[in-house]
Amino acid sequence: MRKRSLAVLCTATALGAVLAVPTTALAADPHPSGFRVWTDSTRIHLDFGGSKLPQHLKVNLRKAGSATPVATITSFERTPDEDPCSPSCQDDTDPETGIRSAPLRLADLGTYSVDVLYDGTVGEPIVHKDKATLAYGLIPRVTGLEVVGKPDLEHRTVTVKADAVGLDPRNDTEQPLPNGKLMLDTTAGSTPVLTDAAGHIETPFTFTGSETNEPGISGTAVRVTLRPEKEGARSPLGKSRTVQTSVPSSRITLDTATVKAPDGSKAPVGGRITFKGADGTWKPAPAGAWVRSRDGGSAQTGADGRFATQILVDGRISGLVTLTGSAWLGNSYATVAVDPSTSAGFHGGLTATLTADRKVSLTGKLSAYDLPAAAKLKVLVEFQPSGSSEWITKATRYSAAPAGDSTRAVTAAGLPYPGPGGWRLRYVAASGIPAGPDAGKFLARVNTAIPEFNAAPEPVKAGKPIGITGKLTHTRYYNETTWSGYGGQPVRIYFRATGATTWTLAGTTTTAADGTFKTFFTAAKDGAWQARYDQAAYDHFAATSREDLVDVQ
């Protein structure tokens, strides 16, 4: 952090005469958009949104209600920007734009108004009155905190004992803080407390029973923090203690063990959470206990321990309602049987293949439930290009379904590959048969090409060598426009004699690191030569070169 000299405080004098402003110059405030001013217990903070400060900057302090300055600040030190996104995240390029005074040593405690003064664009005085208020008083600090008791859900009251002092900013001395306003924090909320005339606290405190664990705290404990009223929860002026709790057994009792709703919908689930008391009876969990269900959402218990949530109907897969263990309750769960009503949807995922020769095949299992009569279910084969939100229909299939429950495979094979993107099979809801989930998968391979290929010399005498050269290239998943050599790959060389209709495999070679390849064959007859990358890796497409005719004499 860059530093400037510490603040120099001096008794304020009356402002000097206003400088004469040339009539030909246009006087203006160099900070027409404003600037930020705020205070803490002993400092004045300013931020002009950049590293350049106004000329002859100073701050005057006035007692509230008075027009006469009692102190003037003329020097400041640099501080990190307290809020780089105010007024916007692009308000300046220098991350250290804030400045602050040194700790103030004023004669009297009290409330002070903050005025900011500096020169205008032609040297005229600019005065911003009442930019902030400084509450210059004893700085409270908690010096001791004790929490007496080991609470449980039936006995949640403990005794909090603490001491607080006030630091006098005028001379850095401490004294007991009488009638000090403090806040007692837990994850369930904050409770105000007051010190007595001696700066001491001894008071009962009752937990709600819904306090959650904080990071670093074990599952059978909660944190209690006592802090000055105007300080943050993690202020060094406060104190924290970990309170061990006693955790009883818990259970979830559902209103019904089975839900019935269309496939893919969310069905309501209700119930009650109870815990086992010391006398062996089951009692309602306190309000605020969290219940979660698979893909359905979460809910909190009421004062009677009851909750209402939802559970996703995913075929006949059983649902689960879970109470995650906390500082007050142990883990518990309840299973919900699922019975889909009249509907149809895809389950078991989608089997999808993309071959090296750019053909797409899809197979999914369409399950129909509780159909009142036999039906023909319409299924769309849809494609979503990478980066798009639009689904494009590529084919239509029909699946026969008898009355009642059934599962049938739906297949679409040999579809042309349009580019990287998502594929899905989606049942189109028919009258009286709602649609459940679809089945989808992303498909893509890397493009390959043999842009360079040559068979030479041409013509060539029979029995002489023919040199076959070329280069195999490929792109990347994330960049389909930039090509590079593809090394270490098998390239097969094919020959077709003049007048023949079929190609014959002549041999195989392997590409060098830069994708180039070279091999030789003995000239025997006229014909065409071609290179193929037809043993492509699982994530690459195949590629074929151009044909090159060679005349053999």
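Residues: numbered from 1 along the sequence shown.
Note that NZ of K441 and CH2 of W423 are 14.0 Å apart. Values are rounded to the nearest 0.5 Å. Of the inter-residue distances, the one linking R306 atom CZ with Q300 atom CD reads 15.5 Å to the nearest 0.5 angstrom. Once rounded to the nearest 0.5 Å, the distance linking OH of Y427 with CG of L366 reads 8.0 Å. How far CG of L371 is from OG of S343: 8.0 Å, rounded to the nearest 0.5 Å. Distance check, rounded to the nearest 0.5 Å: CG of L320 to CZ of R292 gives 13.0 Å. Note that CG of D47 and OG1 of T97 are 3.0 Å apart. Values are rounded to the nearest 0.5 Å.
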Inset, instruction - Tell me, with the steps shown, if D152 and K150 meet salt bridge (Lys or Arg N to Asp or Glu O under 4.0 Å). - result: CA-CA 7 Å; D152 58 35; K150 185 176 181 179; over 6 Å; no
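Listed for the R546 side chain is a donor-acceptor partner under 3.5 Å among the backbone atoms of F453. Proximity of a side-chain donor or acceptor of R358 to a complementary backbone N or O of F541 within less than 3.5 Å is not detected. In terms of modelled atom types and a separation under 3.5 Å, the side chain of R234 and the main chain of P236 share no donor-acceptor contact. The backbone N or O of H474 sits nowhere less than 3.5 Å from a side-chain atom of N447 that would complete a donor-acceptor pair. For T482 (side chain) and N479 (main-chain N/O), no donor-acceptor pair under 3.5 Å exists by modelled atom type. Formation of a donor-acceptor pair under 3.5 Å by the T322 side chain with backbone atoms of T324 is not found in this model. Side-chain atoms of T301 come within 3.5 Å of backbone atoms of P286 as a donor-acceptor pair (strictly under, hydrogens ignored). A donor-acceptor pair is defined here as one N or O able to donate and one able to accept, closer than 3.5 Å; no such pair exists between the side chain of T309 and the backbone of A299. A side-chain donor-acceptor contact under 3.5 Å links E211 to the backbone of G209. Judged by distance alone, with hydrogens and angles left aside, the side-chain atoms of T225 form no donor-acceptor pair with the main-chain N or O of S240 at under 3.5 Å.
The heavy-atom pair separating P434 from T342 by the smallest distance is CD-O, 3.0 Å. Scanning all heavy atoms of the two residues, the minimum distance from T501 to R496 falls at C-CD, 4.2 Å. Taking all atoms of both residues into account, the shortest heavy-atom contact from V338 to G315 is CG1-O, 3.4 Å. Between T208 and S210, the closest heavy-atom pair is OG1-OG, 2.8 Å. F307 and R272 make their closest contact through CE2-N, 3.5 Å (heavy atoms, listed as atom of the first residue, atom of the second, distance). The nearest pair of heavy atoms linking Q530 to R532 is OE1-NE, 2.8 Å.
Judged purely by distance below 3.5 Å, without hydrogens or angles, the side chains of T245 and T220 never pair a donor atom with an acceptor atom.
When side chains are defined from C-beta on, V446 does not count as touching R476, because their heavy atoms never get closer than 4.5 Å. Residues L380 and K378 have side chains in contact (heavy-atom distance under 4.5 Å, counting atoms from C-beta outward). Between Q489 and T448, every side-chain heavy-atom pair lies at or beyond the 4.5 Å cut-off.
With V381 as reference, L415 is the one residue of L415, V360, T393 to meet the side chain to side chain contact (heavy atoms under 4.5 Å, CB included) rule.
The aromatic ring centres of F521 and F495 sit 6.0 Å or more apart.
The aromatic rings of Y486 and H540 sit parallel to each other, their planes meeting at less than 30°, with 60° as the upper class boundary.
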